[in-house]
Number of protein chains: 2
Amino acid sequence: MFVATAASAPSRPTSIAATGLLDELVALERIGTRHTFQRNAEIFADGDAATDWFRVVAGTVRTCRLLPDGRRHIAGFHYAGDFFGIEGLPSRVSSAEAVGDVVVMRYPRKAIERLAETNPALARRLREMAFEGLADAQERMFLLGRKTAPERVASFILEVAQRCNRQRKVELPMSRYDIADYLGLTIETVSRTLSAMKKAGAIALPTIHLVELIDRGSLELAAGTA
Amino acid sequence: MFVATAASAPSRPTSIAATGLLDELVALERIGTRHTFQRNAEIFADGDAATDWFRVVAGTVRTCRLLPDGRRHIAGFHYAGDFFGIEGLPSRVSSAEAVGDVVVMRYPRKAIERLAETNPALARRLREMAFEGLADAQERMFLLGRKTAPERVASFILEVAQRCNRQRKVELPMSRYDIADYLGLTIETVSRTLSAMKKAGAIALPTIHLVELIDRGSLELAAGTA
DNA sequence: CGCGTCCTTGAGAGTTGTCAACTCCAGTGG
DNA sequence: CCACTGGAGTTGACAACTCTCAAGGACGCG
């Protein structure tokens, strides 16, 4: 099970066997505990001590930040295989919630650190993971700072498609509200933009949570950066 | 020299002696080479092979991304002590430029990786650095996704003040254009917002590149999250 | 079948962007 | 010494994109 989810994770696929990671990953697995959460359940809360790391086994997790007046921003969606809650702060500045029903593994941070001290392969993997996270974050900052609403939505659809290895039918497990808070828009703007893309023939929306890519080229063009 | 700059770097100060990092840092220093760049000179370019990591010794560096139509976003400013160019991608998706005259150290990535394989303390430090970078990036994403122009500018001033350990007089080495591209605004909006803050008595602007914090409380209030 | 939640669509408002003129200042050369 | 020049910054008027507010539709669930 673990190997399967680990293999489905990578944006930059590395052969587990080749890196000699397998033993380390098994060791990691041994210190983890399995937990399930229902839709919208809180996995950890803003202000909690950040004593654990998490990894998604099944389902989708969102990490959120709130402003006192209610404005919300979603720092990220985490899919099967992804680690989350791994920022370097002693306490949480965001909360993590289940988008649908999810299964996660929880690893005590201290135990991971101990493992990493003696397992260079695991240490390298953790490092790579963090650096990949940095690259992703820069991509998102660019989107939030300089892209228009249609560009953001197009980028988002393509991002999910790539993350989940889908060519035509892309599942969006999250609500429009989640998408809006992820892209720095409002639900109305997201909805309108999707409708416009549908009318333009770039996508179809067979159900609320499914996007079908009709004209990928025009989406990539709209996204600004493919 | 190295120890001094390393000591001036941390947002989360860790005693170098206590972590036993000193030897590793010296080893790191040995594989680095020193380089100087003039104002606006390019340190690395979009598309270059990401074979090296960099650290600022003196001055300020900006990392930029460009859209074909000319829109620019500044992914980050890097001050003395900061590492930059450490994302996990094989080639650069951004360029790095000197804001003023700068001195940087360049470290071959492979050599760093080799060092990290055998030095758990260095490996841990690199990991911490990456995780801190992730936390910073989340803060920035929140700013770009959900904060208003005045909130962004106030947050920026406070961020620079904290980064450079200043209480009242904060130096902004970068141009208004740089600030705008960092905050996802236009120079006009940045300029107007600074003028409004000045008129409101929150700050003074003795010179173009200097901000004096008159009423820090109102700035923190305006920033939304202090 | 009714209710609630999520989504869509419309109309109008507001923040921020665009375009343009003006100021300020450093550097240069008459 | 002063005029000229160019870049950076400021300010104003207007436009536009996105948000806000509001109503109406779709769908699932009791």
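Note that the structure is a prediction, hence the values are computed from the model and not measured. Below, each value reflects all heavy atoms present in this structure, side chains not excepted, and no hydrogens, waters or symmetry copies.
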How many Å lie between [atom1] on [X] and [atom2] on [N], as a whole number?
{"X": "A:Leu194", "N": "C:dT9", "atom1": "CG", "atom2": "C1'", "result": "14 Å"}
{"X": "B:Ile179", "N": "D:dA8", "atom1": "CD1", "atom2": "P", "result": "14 Å"}
{"X": "B:Leu183", "N": "C:dT15", "atom1": "CG", "atom2": "P", "result": "19 Å"}
{"X": "B:Leu144", "N": "C:dT16", "atom1": "CG", "atom2": "P", "result": "13 Å"}
{"X": "A:Asp69", "N": "D:dC19", "atom1": "CG", "atom2": "P", "result": "15 Å"}
{"X": "B:Ile187", "N": "D:dA8", "atom1": "CD1", "atom2": "P", "result": "10 Å"}
{"X": "B:Glu188", "N": "C:dA20", "atom1": "CD", "atom2": "C1'", "result": "10 Å"}
{"X": "B:Leu185", "N": "D:dG9", "atom1": "CG", "atom2": "C1'", "result": "16 Å"}

Item checked: Residue met sooner reading DNA chain D from 5', once A:Pro150 and B:Ser191 are mapped to nucleotides ->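 Between the two, 5'-proximity favours B:Ser191.
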Item checked: Position toward the 5' end of DNA chain D (nearest nucleotide), A:Val190 or A:Ile208 ->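 Whichever sits nearer the 5' end wins; that is A:Val190.
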Note to self: Just so I know, are the side chains of B:His35 and B:Val103 near enough to count as touching, which here means a heavy-atom distance under 4.5 Å?
What the structure shows: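 A side-chain contact is absent here, since even the closest heavy-atom pair is not under 4.5 Å.
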Ignoring backbone atoms, test whether [X] places a side-chain nitrogen or oxygen under 4.0 Å from the OP1 or OP2 oxygen of [N].
{"X": "B:Thr189", "N": "C:dG17", "value": "yes"}
{"X": "B:Ser175", "N": "D:dA8", "value": "no"}
{"X": "B:Arg176", "N": "D:dT10", "value": "yes"}
{"X": "A:Ser195", "N": "C:dT9", "value": "yes"}

Check: Is there a donor on the side chain of A:Arg192 or the base of C:dG10 sitting less than 3.5 Å from an acceptor on the other?
Finding: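 Yes.
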Notebook entry, point to check: Would you call B:Glu139-A:Arg65 a salt bridge at under 4.0 Å N-O?
Noted result: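 A:Arg65 and B:Glu139: salt-bridged.
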Notebook entry, point to check: Under the criterion side chain to side chain contact (heavy atoms under 4.5 Å, CB included), which of B:Val61, B:Val56, B:Leu172, B:Asp178 is the partner of B:Phe77?
Noted result: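 Running side chain to side chain contact (heavy atoms under 4.5 Å, CB included) over B:Val61, B:Val56, B:Leu172, B:Asp178 with B:Phe77 returns exactly one hit, B:Asp178.
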Item checked: A:Glu29 and its salt bridge (Lys or Arg N to Asp or Glu O under 4.0 Å) partner, picked from A:Arg34, A:Arg106, A:Arg55 -> A:Arg55
Check: Is the A:Phe54 ring parallel, tilted or perpendicular to the A:Phe84 ring (thresholds 30°, 60°)?
Finding: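 A:Phe54 vs A:Phe84 ring planes: parallel.
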